[in-house]
Amino acid sequence: MLTAVWTVVIFCAIIFIHELGHFIAAKSVGVTVHEFSIGMGPKLFSFGKKETAYSVRLLPVGGYVRLEGEDNDSAEEGALCNKKPWQKFVVLAAGGFMNFVLGFAIFVFLAANTQITSNIIGNVIDGYSMKEAGFASGDKIVAMEANGNTDKISSYNDIMLFNIKNPDTDANITVVRDGVKITKLVKPKADENGRKIFGFTPKILPNTPINVIKAAYDNSVYMVKTAALSLWWLVTGKVPVSSVSGPVGIVTEINSAVSQKGAVGILRTLALAGLISINLGVMNLLPLPALDGGRIVFVIAEKILGHRVSPDKEGLVHFIGFALLMAFMLFITFSDIRKLFG
């Protein structure tokens with residue numbers, strides 16, 4: 001029951017903030033909003049006496065803002081199709097932008113209530129490569145290089161991302177000590193759990209307002225980068241499509257988080273909500289048909305060409321894209337169920 005409650009709360013909050021972004025942007029540029037709906041399917045109740053109806057529907061799996069002239073031509077002054085390209089762009093991008101805002105806000109709360117790690121070495125562990133290479137507490141890691149690729153390091157998240165991209169790999173680590181840069185080759189060694197590590201712990205920073213804001217920003221950027229990296233690996237075949245999680249997989253992760261007792265469970269669940277919100281923002285702005293990013297592509301084309309692409313052609317592209325998206329979601333859901341019972 002707790003998992004169901006948290007799932008509904010998380011999905012509704014993320015959907016609400018997404019649609020609220022579209023709603024606010026549409027109103028700000030004079031687009032007529034006919035309905036603001038949370039949920040899909042049969043209407044439970046609605047209110048609103050002027051041009052906009054505010055609705056709550058039975059299924060908490062989506063939501064929408066119904067705009068005048070969004071999918072077809074309209075002669076109305078408040079139709080989206082009659083607005084300038086920049087105004088259309090603002091309306092279409094606002095949903096994904098608000099998902100980034102929600103994710104950032106969640107990470108601000110988390111950073112204020114948890115430890116803030118840094119790219120400064122707190123301690124080096126005896127018997128591991130960092131100690132053997134001569135690194136010491138207080139050294140600030142500024143770069144890591146492996147396989148000819150160098151990553152600039154400005155946060156502990158950058159170190160984690162480097163390790164994701166270069167698992168179990170020797171690395172040239174550059175630190176700053178007393179204003180001087182020092183670079184050493186470090187080889188990971190297995191710990192008692194079999195994980196390959198370099199052998200250091202990060203310095204924990206105080207939860208000052210500046211550190212909290214920076215940590216929330218770093219976490220948000222890290223989520224965007226890992227989402228982009230995952231998509232790239234998916235497209236290039238480095239990871240199989242079966243590794244992608246859909247709604248069933250998300251619910252499973254929520255169940256795992258809420259099963260933790262006390263504050264730990266709440267913080268883990270909030271962290272998952274932040275991850276989902278930012279990932280939704282990234283996915284929604286991809287230049288794919290039926291998504292806001294795909295619609296933005298047509299707005300950019302309108303700006304370049306000086307006229308709108310035929311609404312019928314655009315509609316066909318989005319229809320095909322939506323059908324393919326639904327087929328992909330069914331495949332992912334089936335894969336999630338098979339993994340769940342496998």
Q: Show your reasoning for whether salt bridge (charged side-chain N to carboxylate O under 4.0 Å, His left out) applies to Glu68 and Lys83.
A: CA-CA 11 Å; Glu68 176 69 27; Lys83 296 299 178 181; over 6 Å; no

Q: Any chance you could measure Leu205, atom CG, to Ile210, atom CD1, to the nearest 0.5 Å?
A: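 Rounded to the nearest 0.5 Å, the CG-CD1 separation comes to 12.0 Å.
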
Q: Give the C-alpha distance, both sets of side-chain angles, the deciding distance and a yes or no for side chain to side chain contact (heavy atoms under 4.5 Å, CB included) between Asp158 and Tyr222.
A: CA-CA 7 Å; Asp158 291 334; Tyr222 173 72; over 6 Å; no

Q: What distance do Lys27 atom NZ and Glu51 atom CD have between them, rounded to the nearest 0.5 Å?
A: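 Going from the NZ atom of Lys27 to the CD atom of Glu51 covers 3.5 Å.
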
Q: Just verifying a value: how many Å separate Ile204 CD1 and Tyr156 OH, rounded to the nearest 0.5 Å?
A: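 Between Ile204 CD1 and Tyr156 OH, I get 9.0 Å after rounding to 0.5 Å.
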
Q: Please check: side-chain N/O of Asp73 versus main-chain N/O of Pro311, any donor-acceptor pairing under 3.5 Å?
A: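 No: the side chain of Asp73 does not pair with the backbone of Pro311.
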
Q: Is there a donor-acceptor pair under 3.5 Å between the side chain of Asp139 and the backbone N or O of Phe135?
A: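 Not confirmed, Asp139 side chain does not pair with Phe135 backbone.
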
Q: Does Val56 belong to the same Ile/Leu/Val/Met/Phe/Trp/Tyr cluster as Leu59, with side-chain heavy atoms less than 4.5 Å apart forming each link?
A: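 Per the 4.5 Å side-chain linkage, Val56 and Leu59 are co-clustered.
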
Q: Which atom names give the shortest non-hydrogen contact between Asp170 and Ala146, and what distance separates them?
A: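 So the minimum-distance heavy-atom pair works out to O-CB, 3.6 Å.
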
Q: Of the non-hydrogen atoms in Gly122 and Ser137, which two are nearest, and what is the gap between them?
A: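 Here Gly122 and Ser137 meet closest at O-OG, 2.7 Å.
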
Q: Quick check against the 3.5 Å criterion: does His34 have a side-chain atom that pairs as donor or acceptor with the backbone of Thr52?
A: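 Not confirmed, His34 side chain does not pair with Thr52 backbone.
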
Q: Would Asp191 and Lys196 count as a salt bridge (charged side-chain N to carboxylate O under 4.0 Å, His left out) if you check the C-alpha gap in whole Å, the side-chain angles of each, and the deciding distance to 0.1 Å?
A: CA-CA 6 Å; Asp191 65 5; Lys196 294 291 187 69; over 6 Å; no

Q: Between Ser55 and Ser37, is any side-chain donor less than 3.5 angstrom from a side-chain acceptor?
A: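 Per modelled atom types, Ser55 and Ser37 side chains form no pair under 3.5 Å.
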
Q: I need the single residue from Leu291, Leu231, Asn99, Leu288 that forms a side-chain contact (heavy atoms from CB on, under 4.5 Å) with Met283. Which is it?
A: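 Single side-chain contact (heavy atoms from CB on, under 4.5 Å) partner of Met283 among Leu291, Leu231, Asn99, Leu288: Leu231.
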
Q: I need the Ile121 CD1 to Ile159 CD1 distance, nearest 0.5 Å.
A: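 Reported value, rounded in 0.5 Å steps: 8.0 Å.
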
Q: Would you find a donor on one side and an acceptor on the other, under 3.5 Å apart, between the side chain of Asn211 and the backbone of Asn207?
A: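 Answer holds: no.
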
Q: Please find the pair of heavy atoms, one from Ile278 and one from Phe100, that lie closest to each other, and give the distance.
A: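 Minimum heavy-atom separation between Ile278 and Phe100: O-CE2, 3.6 Å.
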
Q: In Å and rounded to the nearest 0.5 Å, what is the NZ to NZ distance from Lys140 to Lys203?
A: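 Interatomic distance, Lys140 NZ to Lys203 NZ, rounded to 0.5 Å: 10.0 Å.
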
Q: Under the ring pair (Phe, Tyr, Trp, His ring centres under 6.0 Å) test, which residues partner Phe298, sequence neighbours left out?
A: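 Phe298 satisfies ring pair (Phe, Tyr, Trp, His ring centres under 6.0 Å) with His318 only.
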
Q: Tell me whether Gln87 contacts the main-chain N or O of Lys84 through its side chain, where contact means a donor paired with an acceptor under 3.5 Å.
A: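 Yes; at least one donor-acceptor contact below 3.5 Å.
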
Q: Tell me whether Ile173 shares a hydrophobic cluster with Val176, the cluster being built from Ile, Leu, Val, Met, Phe, Trp, Tyr side chains joined at under 4.5 Å.
A: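 Different clusters: Ile173 never reaches Val176 through Ile, Leu, Val, Met, Phe, Trp or Tyr contacts under 4.5 Å.
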
Q: Nearest 0.5 angstrom please: Met144 CE to Lys152 NZ, how far?
A: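 One gets 16.0 Å once the value is rounded to the nearest 0.5 Å.
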
Q: Listed by chain and number, what are the ring pair (Phe, Tyr, Trp, His ring centres under 6.0 Å) partners of Phe104, not counting sequence neighbours?
A: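 In terms of ring pair (Phe, Tyr, Trp, His ring centres under 6.0 Å), with neighbours along the sequence ignored, Phe104 is linked to no residue.
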
Q: Please answer whether the main-chain N or O of Ile141 pairs with a side-chain N or O of Asn119 as donor and acceptor at a distance below 3.5 Å.
A: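 Here the side-chain-to-backbone pair exists.
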
Q: With a sphere of 6.0 Å drawn around CD of Gln260, does it hold more than 12 non-hydrogen atoms of other residues, nucleotides or ligands?
A: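 Atom CD in Gln260 is crowded, with more than 12 foreign heavy atoms closer than 6.0 Å.
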
Q: For residues Leu280 and Leu20: do they belong to one hydrophobic cluster (side chain heavy atoms under 4.5 Å, members Ile, Leu, Val, Met, Phe, Trp, Tyr)?
A: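 Same hydrophobic cluster.
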
Q: Between Glu132 and Lys189, does the salt bridge (charged side-chain N to carboxylate O under 4.0 Å, His left out) criterion hold? Intermediate values first, please.
A: CA-CA 12 Å; Glu132 296 167 357; Lys189 292 183 179 180; 2.7 Å; yes

Q: Any donor-acceptor pair under 3.5 Å linking the side chain of Lys181 with the backbone of Val175?
A: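 Side chain of Lys181 to backbone of Val175: no pair is present.
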
Q: Kindly determine whether Tyr64 and Arg57 satisfy side chain to side chain contact (heavy atoms under 4.5 Å, CB included), including the steps that lead there.
A: CA-CA 11 Å; Tyr64 59 87; Arg57 295 179 180 271; 3.0 Å; yes

Q: I'd like to know if Val65 and Val29 are part of one continuous hydrophobic network [Ile/Leu/Val/Met/Phe/Trp/Tyr, side-chain heavy atoms within less than 4.5 Å].
A: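 Yes, Val29 connects to Val65 through the hydrophobic network.
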
Q: Would you call the rings of Tyr54 and Phe36 parallel, tilted or perpendicular, taking 30° and 60° as the class edges?
A: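 Taking Phe36 first and then Tyr54, their aromatic rings sit tilted (interplane angle of 30° to 60°).
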
Q: Donor-acceptor check, side chain of Ser277 to backbone of Leu275, threshold 3.5 angstrom: yes or no?
A: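 Not a single qualifying donor-acceptor pair exists.
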
Q: Count the heavy atoms belonging to other residues, nucleotides or ligands that lie under 6.0 Å from CH2 of Trp233, then report whether that count exceeds 12.
A: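 Yes.
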
